[in-house]
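Data first, discussion second: the structure below is written as structure tokens.
This chain uses plain numbering: 1 for the first residue, then up along the sequence.
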Amino acid sequence: MERTAFKQLTEWKNASDRKPLIIKGARQIGKTWLMREFGKRCFANTIYINFEYERRFTNLFVENFDIQRIISTIELFYGKKINPADTLIIFDEIPAVQGGLTSLKYFCENAPQYAIVAAVSLLGIAMHQNQSFLVGKVNFLDLHPMSFGEFLLALGKDLMYNTLVQNQWDLLETFHDELIRLVKTYMVVGGMPEVVQKWVDTQDFFAVRDKQNDILNSYHADFSKHIPDLQIPRVSMVWDSLPAQLSKENKKFIYGVLREGARAKNFELAIMWLINCGLVLKSQRINTPKLPLKAYQDMSVFKLYMVDTGLLCAASGLGFDTMVDGNRLFTEFKGAITEQFVMQENLQR
């Protein structure tokens with residue numbers, strides 16, 4: 001599998017002013033695989049620590065932020081010397097331990113020679129608002145579901161991908177029918193890496209749908225584990241309403257779809273949680289198409305989309321027959337799946 005984020009990671013590795021790097025993104029978006037694969041490709045050695053599972057490192061940053069002590073402790077646990085010139089250190093789900101995020105400041109200030117990559121689900125940042133977040137001490141990389149281009153690469157369609165990114169539209173006419181078929185397939189499969197891999201391995205839509213449902217179920221489980229009890233029902237209501245919201249004629253989010261008499265003040269925090277978790281994408285309406293667009297936003301009118309077009313199809317129970325029924329897939333839900341596709345592609349730019 002290939003991710004275009006490798007280019008950004010390589011640029012970070014070679015930068016003279018490199019700081020610890022935080023990769024942000026929703027759960028199951030492929031952060032762990034990306035970091036470990038980056039280590040394999042670009043470093044002689046990799047040290048990988050997942051702070052959610054490695055309980056022996058619970059107190060690693062509690063005593064103090066002496067970098068030499070921290071590095072020596074990690075070396076003792078793994079039984080190998082860490083050479084900063086050729087070793088990538090991966091801190092997965094770093095907010096899971098006290099002082100984890102803060103430690104990155106001291107790596108930046110006192111030991112910039114170490115290549116540190118940390119993964120943070122946006123849910124993790126939302127959970128740890130009490131930890132000071134250190135502006136100017138880290139670099140960031142936002143990771144999203146695989147784009148259509150990355151989907152083509154996963155399928156071995158390198159020629160089509162190169163033609164697409166080079167904007168060779170005349171040549172693309174040659175692939176028109178196949179390209180439309182692949183766009184439809186991507187819209188149903190989506191860009192969650194595990195789901196894409198299942199499609200590559202099986203070419204079975206039913207196996208893909210099972211994997212998508214597993215992911216949707218795991219997100220619901222995350223709600224009950226990490227969100228304040230008062231907000232769990234409201235978060236679930238917003239999340240579960242998205243297919244219905246997008247099927248409405250109204251081109252905006254309607255609180256009344258959630259329940260009769262629902263008001264913004266009752267659900268604003270729930271929507272914020274979903275956005276901060278990276279599970280929901282928000283599109284604000286503008287009053288007039290002028291630059292800068294933010295100056296013309298109507299803050300009271302917006303639409304919400306799921307993180308991934310494939311997950312939207314799964315959550316709505318969209319049948320696979322839409323794949324072969326002319327242009328129905330592009331117009332289903334009043335064109336919302338097409339809008340979702342466009343929004344995801346724009347996030348990659």
Residues forming a side-chain contact (heavy atoms from CB on, under 4.5 Å) with [X], sequence neighbours excluded:
X	value
Glu75	Ile71, Ser72, Lys81, Ile82
Tyr48	Thr32, Arg36, Asn50, Ile90, Asp92
Arg55	Thr58
Ile70	Leu60, Phe61, Ile67, Ile74, Phe107

Fill in: Criterion side chain to side chain contact (heavy atoms under 4.5 Å, CB included) on Leu246 and Leu312, from CA distance to verdict
CA-CA 10 Å; Leu246 294 170; Leu312 175 60; 3.9 Å; yes
Under 3.5 Å, side-chain donor or acceptor atoms of residues 287-306 against the rest of the protein: list the pairs with distances, not counting sequence neighbours.
unit_1, atom_1, unit_2, atom_2, d
Asp298, OD1, Ser300, N, 3.1
Asp298, OD1, Ser300, OG, 2.7
Lys303, NZ, Glu339, OE1, 3.0
Tyr305, OH, Glu339, OE1, 2.3

Is there a side-chain contact between [X] and [Y] in this structure, where contact means two heavy atoms from C-beta onward sitting under 4.5 Å apart?
X	Y	result
Met1	Met146	yes
Leu104	Ile22	yes
Ile47	Ile49	yes
Leu9	Leu21	yes
Met160	Leu182	yes
Arg18	Pro112	no
Asn83	Asn45	no
Phe223	Trp273	no

Between [atom1] on residue [X] and [atom2] on residue [Y], distance to nearest 0.5 Å:
X	Y	atom1	atom2	result
Leu179	Lys184	CG	NZ	12.0 Å
Met187	Leu318	CE	CG	9.5 Å
Glu194	Asp214	CD	CG	8.0 Å
Gln245	Ile254	CD	CD1	6.5 Å
Thr73	Glu63	OG1	CD	8.0 Å
Cys277	Trp239	SG	CH2	9.5 Å

Please name all residues satisfying ring-ring contact (aromatic ring centres under 6.0 Å, His included) with [X], sequence neighbours left out, ordered by chain then number.
X	answer
Tyr78	none
Tyr114	none
Phe38	Phe43

For a quick test of reading the model, state the closest non-hydrogen atom pair linking [X] to [Y] and the distance between them.
X	Y	result
Lys13	Cys42	CE-O, 3.1 Å
Leu34	Ala5	CD2-CB, 3.9 Å
Gln344	Val307	CD-O, 3.7 Å
Ile29	Leu143	CG2-CD2, 3.6 Å
Ile94	Ser103	CD1-OG, 4.3 Å
Trp33	Arg3	CZ3-CG, 3.8 Å

Discussion item. Within the supplied structure, the quantity of interest is the number of heavy atoms (other residues, nucleotides, ligands) at a distance under 6.0 Å from Phe6 CZ; does it exceed 12?
Written reply: yes
Discussion item. Could you check whether atom CG of Asp170 has more than 12 heavy atoms from other residues, nucleotides or ligands sitting under 6.0 Å from it?
Written reply: no
Fill in: Validation row, ring centre Phe205 to ring centre Trp199 under 6.0 Å
yes
Worksheet item: Given the rule in the side chain to side chain contact (heavy atoms under 4.5 Å, CB included) test, do Gln340 and Leu281 qualify, once you have shown the distances and angles that lead to the verdict?
Response: CA-CA 9 Å; Gln340 171 89 42; Leu281 309 174; 4.1 Å; yes
Main chain of [Y], side chain of [X]: is a donor-acceptor contact present, judged purely on distance under 3.5 Å?
X	Y	value
Arg69	Asn64	yes
Glu2	Ala154	no
Thr87	Pro84	no
Gln212	Val188	yes
Ser121	Arg27	no

Worksheet item: Pairs in or reaching into residues 162-195: which pass ring pair (Phe, Tyr, Trp, His ring centres under 6.0 Å), with residues at least two apart or in two chains?
Response: Phe148-Tyr186, Phe151-Tyr186, Tyr186-Phe341
State whether a side-chain donor-acceptor pair under 3.5 Å links [X] with [Y].
X	Y	value
Asp308	His144	no
Gln28	Ser218	yes
Asp201	Gln197	yes
Thr4	Glu150	yes

Practice prompt. Given side chain to side chain contact (heavy atoms under 4.5 Å, CB included), test Trp12 with Leu141 step by step and report yes or no.
Written response: CA-CA 10 Å; Trp12 168 81; Leu141 188 156; over 6 Å; no
Item to complete: Just jot down the side chain to side chain donor-acceptor pair (under 3.5 Å) partners of Gln8, sequence neighbours excluded, or say none.
Response: none
Discussion item. Going by the rule side chain to side chain donor-acceptor pair (under 3.5 Å), which residues pair with Glu54 if we only count those two or more places apart in sequence or in a different chain?
Written reply: Arg56
Worksheet entry | Salt-bridge contact Glu37-Lys31 (side-chain N to carboxylate O under 4.0 Å) | no
Worksheet entry | Derivation and outcome, side chain to side chain contact (heavy atoms under 4.5 Å, CB included), residues Ile89 and Val117 | CA-CA 6 Å; Ile89 302 174; Val117 176; over 6 Å; no
Worksheet item: Centre of Phe65's six-membered ring, under 6.0 Å away, within 45 degrees of the axis: is that where NZ or CZ of Lys105 sits?
Response: no
Which atom pairs, donor and acceptor, lie under 3.5 Å between side-chain atoms of residues 255-270 and protein residues at least two apart or in another chain?
unit_1, atom_1, unit_2, atom_2, d
Arg263, NH1, Gly261, O, 3.2

